[in-house]
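These notes are about the structure you will find just below.
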Amino acid sequence: MRISIGGDHADPSLKKVLIEHLGNKNIETINRGTDTNDSVDYPDFAHAVATDVSEGEVDCGILICGSANGVAMTANKHQEVRAGLAWNPEVARLVKQHNNANVLCIPARFVSHSEAIEILNAFLDEQFEGGRHARRVGKIACSLLFLLVSTFGLLNAQTSEIGAPEVYANSIVAEDLKSHLMVVASDAFEGRETGEPGAEKAAAYISSHFESLGIAPFDGKTYYQDVPLVRSQIQGGTAVVAGESMVFLDDFLFYPGIKDGSMEGLAMVVVADTAEWPDVTGKAVVMKAASKEGETNWQRGLNDSRIKASEKGARAVIVVGDDLSTLRSRMKPWLTRKSMTLDRSEALVGDGTRIPTFLVSAASTSNWWKGSALKSWKKWTKAERKGKTMASCVLPEATWSFELLRDEEHIVSQNVLGYIPGRDSLLAEELIVITSHYDHVGIIDGEIHNGADDDGSGTVTVLELAEAYMKAVNEGNGPRRSVLLMTVVGEEKGLLGSEWYADHPIWPLENTVANLNVDMIGRVDEAHADDNRYVYLIGSDKLSSELHAISEEANTKHTNLALDYTFNAPDDPNRFYYRSDHYNFAKNNIPVIFYFSGVHEDYHRPGDDPEKVMYGKTAEIGRLIFHTSWKLANQDKRIEVDRVNDFPTK
């Protein structure tokens with residue numbers, strides 16, 4: 001047996017390992033390079049190996065590059081070549097058994113050297129099954145005459161309508177979506193949890209695809225936008241006032257997102273009359289929780305008081321109330337769970353305040369009031385019931401100390417950006433943003449949650465949209481406005497990646513025309529069990545009547561899907577409008593459409609696997625998104641924001 005092997009700079013050492021392995025099996029190899037880590041163009045080496053195979057110089061070929069997408073695409077341009085990408089032995093066996101592949105493509109960034117050897121062995125040991133597979137493989141190859149006739153016909157057709165979007169939209173096909181998703185939602189990516197190696201693999205796969213398409217890094221250096229995060233879990237806490245200790249959860253709670261890990265000996269000032277604030281600089285402000293008919297309302301008026309205390313220079317706010325039990329049962333799961341937040345040192349303008357705020361049971365405060373004008377908690381509440389406003393005062397015998405026990409880790413994850421500059425010198429200053437989230441929930445109780453639909457389906461659709469747009473660019477028909485195809489991280493942790501982008505956009509938000517967000521479009525819900533040709537649209541008419549009209553027209557002309565607006569209502573109890581990444585654009589007054597197919601029995605469960613995804617359905621929705629975005633990117637006038645959003649901003 002004789003094998004031709006080549007690859008780019010992704011991992012020349014892997015090629016050397018495979019050549020040595022083949023030599024030990026007495027298999028002759030032709031080394032087509034490269035043998036250094038210097039940056040090279042992968043098509044040069046893919047063409048060389050494919051030529052060896054198509055001309056019969058070798059029995060088969062092996063190609064290696066980062067994701068292996070680019071070399072597979074290149075090799076398959078050659079007649080008689082059937083290049084198959086494999087990232088594990090099972091897939092390697094299938095590409096030989098069912099597809100009679102004669103070129104094996106290995107993604108160096110996603111497999112170890114030992115795994116690559118197992119993949120190669122599986123490929124070499126397998127035989128083509130023939131039968132029905134022979135008929136199907138026969139349909140892959142086209143005779144030269146047919147190609148010439150078809151090409152001539154296409155050239156004539158395209159002469160009359162250069163840049164017809166249908167040509168580019170139709171490049172979004174089920175087979176390519178499946179090829180991507182079988183990688184992105186494989187066990188090797190370990191559920192793609194933000195901050196874990198599986199998510200890093202997914203980011204690398206996406207950036208490799210953008211690179212293989214010829215999309216340049218948005219800043220000339222990288223496809224990544226770093227997203228700084230804090231991963232933490234509260235283990236406990238104590239507070240001490242006037243020598244008496246209080247225990248977190250038993251005696252007091254605090255507002256989520258607390259930054260301060262400790263406080264020591266803060267003077268305590270009661271603000272009983274919010275119309276007359278004493279000097280609270282550097283002190284802990286003590287306030288009484290609102291109540292009505294004996295029931296404590298911890299929230300009423302609290303946000304305004306926190307902001308006021310912060311503006312006055314206070315270090316903390318302590319709210320005292322009679323009944324902590326109901327609030328405790330509601331907040332405990334959130335306060336003690338593992339959490340992830342954006343790593344910000346300061347709150348954003350307009351984002352309220354981060355002043356540490358404690359909620360304390362009145363039963364734990366008996367020794368706080370000694371020596372003060374209030375005398376006791378009982379007298380304060382009795383005076384209030386009589387309608388009397390007590391004067392603010394210092395608590396002379398009490399100081400506030402606090403210690404938080406928390407595991408905390410600072411990490412950096414990435415949004416992955418594919419930026420395509422517009423070809424119109426004026427309109428290129430405006431941007432269409434298409435998003436999905438590539439993260440999922442990881443491994444839970446030892447089971448990998450692959451997240452094929454959530455949101456592998458959206459992620460691979462964005463990859464195919466990028467390819468469709470680059471097809472237009474390469475034919476000289478790129479979009480007039482700029483287009484950003486962005487897969488974000490941290491959606492499952494609270495829309496963190498898109499929030500960070502909205503706060504740190506690569507293009508001014510005021511120049512962002514619209515956001516089309518794709519999340520879970522590969523399955524069906526109970527309401528559509530008998531017909532998968534539908535998609536839920538959320539938000540399309542909330543800020544721009546024109547965006548809604550463009551979406552409807554694109555569907556009528558090109559896809560004719562059932563557009564379901566069930567969840568496009570402020571009173572939707574599911575609150576889907578607030579639960580995906582478009583929200584961080586909409587809250588900045590940018591028109592959005594959220595494409596969604598609803599939840600199903602495998603939502604956030606280990607059964608959300610690529611075998612259950614409906615790739616034809618996903619491709620149709622992808623084509624609808626392409627046509628909608630194409631219109632937005634190419635019409636003369638930018639769509640207008642002409643409606644007041646009836647979804648309230650949180």
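The structure presented is a predicted model; accordingly, all values stated were derived computationally and were not measured.
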Show your working on side chain to side chain donor-acceptor pair (under 3.5 Å) between E193 and H449 and close with a plain yes or no. CA-CA 9 Å; E193 184 175 3; H449 290 53; over 6 Å; no
What do the steps show when you test D323 against T296 for side chain to side chain donor-acceptor pair (under 3.5 Å), and what is the final call? CA-CA 6 Å; D323 179 19; T296 305; 5.8 Å; no
If you apply the rule side-chain contact (heavy atoms from CB on, under 4.5 Å), what do you find for T461 with I621, and how did you get there? CA-CA 9 Å; T461 299; I621 298 173; over 6 Å; no
Given Y577 and F594, is the ring pair (Phe, Tyr, Trp, His ring centres under 6.0 Å) satisfied, shown in steps? CA-CA 8 Å; Y577 179 81; F594 172 24; 8.8 Å; no
Begin from the C-alpha positions of F647 and Y583 and carry the test ring pair (Phe, Tyr, Trp, His ring centres under 6.0 Å) through to its verdict. CA-CA 10 Å; F647 273 100; Y583 176 71; 9.2 Å; no
For the pair S392 and D273, evaluate side chain to side chain donor-acceptor pair (under 3.5 Å) and give the outcome as yes or no after the intermediate values. CA-CA 6 Å; S392 298; D273 183 358; over 6 Å; no
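The stretch residues 222-235 participates, sequence neighbours left out, in these salt bridge (Lys or Arg N to Asp or Glu O under 4.0 Å) pairs: E196-R231, R231-E409. Evaluation of the salt bridge (Lys or Arg N to Asp or Glu O under 4.0 Å) test over residues 245-257, restricted to residues two or more places apart or in two chains, returns none. Legend: ring pair (Phe, Tyr, Trp, His ring centres under 6.0 Å) pairs involving residues 263-311, not counting sequence neighbours: none detected.
For H600, there are no ring pair (Phe, Tyr, Trp, His ring centres under 6.0 Å) partners two or more places apart in sequence or in a different chain. Not counting sequence neighbours, the partners of F576 by the ring pair (Phe, Tyr, Trp, His ring centres under 6.0 Å) test are F567, F596. Under the rule for a side-chain hydrogen bond (donor to acceptor under 3.5 Å, both in side chains), S376 has no partner lying at least two apart in sequence or in another chain. Every ring pair (Phe, Tyr, Trp, His ring centres under 6.0 Å) that F189 has, sequence neighbours left out, goes to F110. With sequence neighbours excluded, the residues satisfying side-chain hydrogen bond (donor to acceptor under 3.5 Å, both in side chains) with N515 are T435. Take D454 and apply the salt bridge (charged side-chain N to carboxylate O under 4.0 Å, His left out) test, not counting sequence neighbours, and it matches no residue. Looking at residues two or more places apart in sequence or on another chain, you find no ring pair (Phe, Tyr, Trp, His ring centres under 6.0 Å) involving Y224.
Of the options V416, T487, V488, a side-chain contact (heavy atoms from CB on, under 4.5 Å) to T459 is made by T487 and by none of the others.
With hydrogens and angles disregarded, no donor-acceptor distance shorter than 3.5 Å links the side chain of R575 to the backbone of P570. In this structure a side-chain-to-backbone donor-acceptor pair under 3.5 Å is missing from R523 to M614. In this structure, D219 contributes its side chain and T222 its backbone to a donor-acceptor pair below 3.5 Å. Within the 3.5 Å criterion, the main-chain N or O of D407 finds no donor-acceptor partner in the side chain of S232. Of the possible polar contacts, one joining the T365 side chain to the A362 backbone as a donor-acceptor pair under 3.5 Å is found. The closest donor-acceptor contact from the side chain of D608 to the backbone of N450 lies at 3.5 Å or more, if one exists at all.
Here the closest non-hydrogen pair linking D519 and E491 is OD2-OE2, 3.5 Å. Among all heavy-atom pairs drawn from S551 and L624, the shortest one is O-CD1, 4.1 Å. Residues S540 and Y565 come closest through the heavy atom pair OG-CE2, 3.6 Å. The shortest non-hydrogen separation linking N517 to S580 is ND2-OG, 2.8 Å. Looking at every heavy atom in both residues, A272 comes nearest to M390 through CB-O, 3.4 Å. For the residue pair L374 and C393, the shortest heavy atom distance occurs at CG-SG, 3.9 Å.
Side-chain atoms of V460 and V462, non-hydrogen and from C-beta on, never get closer than 4.5 Å to each other. Using a 4.5 Å heavy-atom cutoff, the side chains of K542 and P591 are not in contact. Between M340 and T194, some side-chain heavy-atom pair lies under the 4.5 Å cut-off. Proximity of T618 to I521: side-chain heavy atoms (C-beta onward) are separated by under 4.5 Å at one or more points. Using a 4.5 Å heavy-atom cutoff, the side chains of V394 and S372 are not in contact. Inter-residue side-chain proximity for L543 and V592 is flagged as unmet; no heavy-atom pair is nearer than 4.5 Å. Side-chain contact between S597 and M520: absent, with no pair of heavy atoms (C-beta onward) separated by less than 4.5 Å. Counting heavy atoms from C-beta outward, W369 and L395 have side chains that approach closer than 4.5 Å.
Note on ring orientation: taking the six-membered ring where Trp is involved, the planes of H504 and W500 are parallel (angle under 30°, cut-offs 30° and 60°). Relative orientation of the W380 and W377 rings is perpendicular, given thresholds of 30° and 60° on the angle between their planes.
In summary, the side chains of N367 and K370 do not present any donor paired with an acceptor at a separation below 3.5 Å, with no hydrogens or angles considered. Looking at D564 and H528, their side chains do bring a donor and an acceptor atom within 3.5 Å of each other. Between the side chains of E408 and H410, at least one donor N or O lies within less than 3.5 Å of an accepting N or O. For the 3.5 Å distance criterion, the side chains of Y536 and D525 qualify, holding a donor opposite an acceptor.
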For residues 308-319, please give each side-chain donor-acceptor pair under 3.5 Å, one per line with the distance, not counting sequence neighbours.
from: S310; atom 1: OG; to: T353; atom 2: OG1; distance (Å): 3.2

Kindly list each side-chain donor-acceptor pair under 3.5 angstrom involving residues 198-206, sequence neighbours excluded, with atom names and distances?
from: K201; atom 1: NZ; to: A188; atom 2: O; distance (Å): 3.1
from: Y205; atom 1: OH; to: N69; atom 2: ND2; distance (Å): 3.2
from: Y205; atom 1: OH; to: H180; atom 2: ND1; distance (Å): 2.8

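Ionic pairing of K612 and D453 is not present here: no N-O contact between side-chain nitrogen and carboxylate oxygen is shorter than 4.0 angstrom.
Aromatic rings from Y223 and F218 are positioned such that their centres are separated by 6.0 Å or more.
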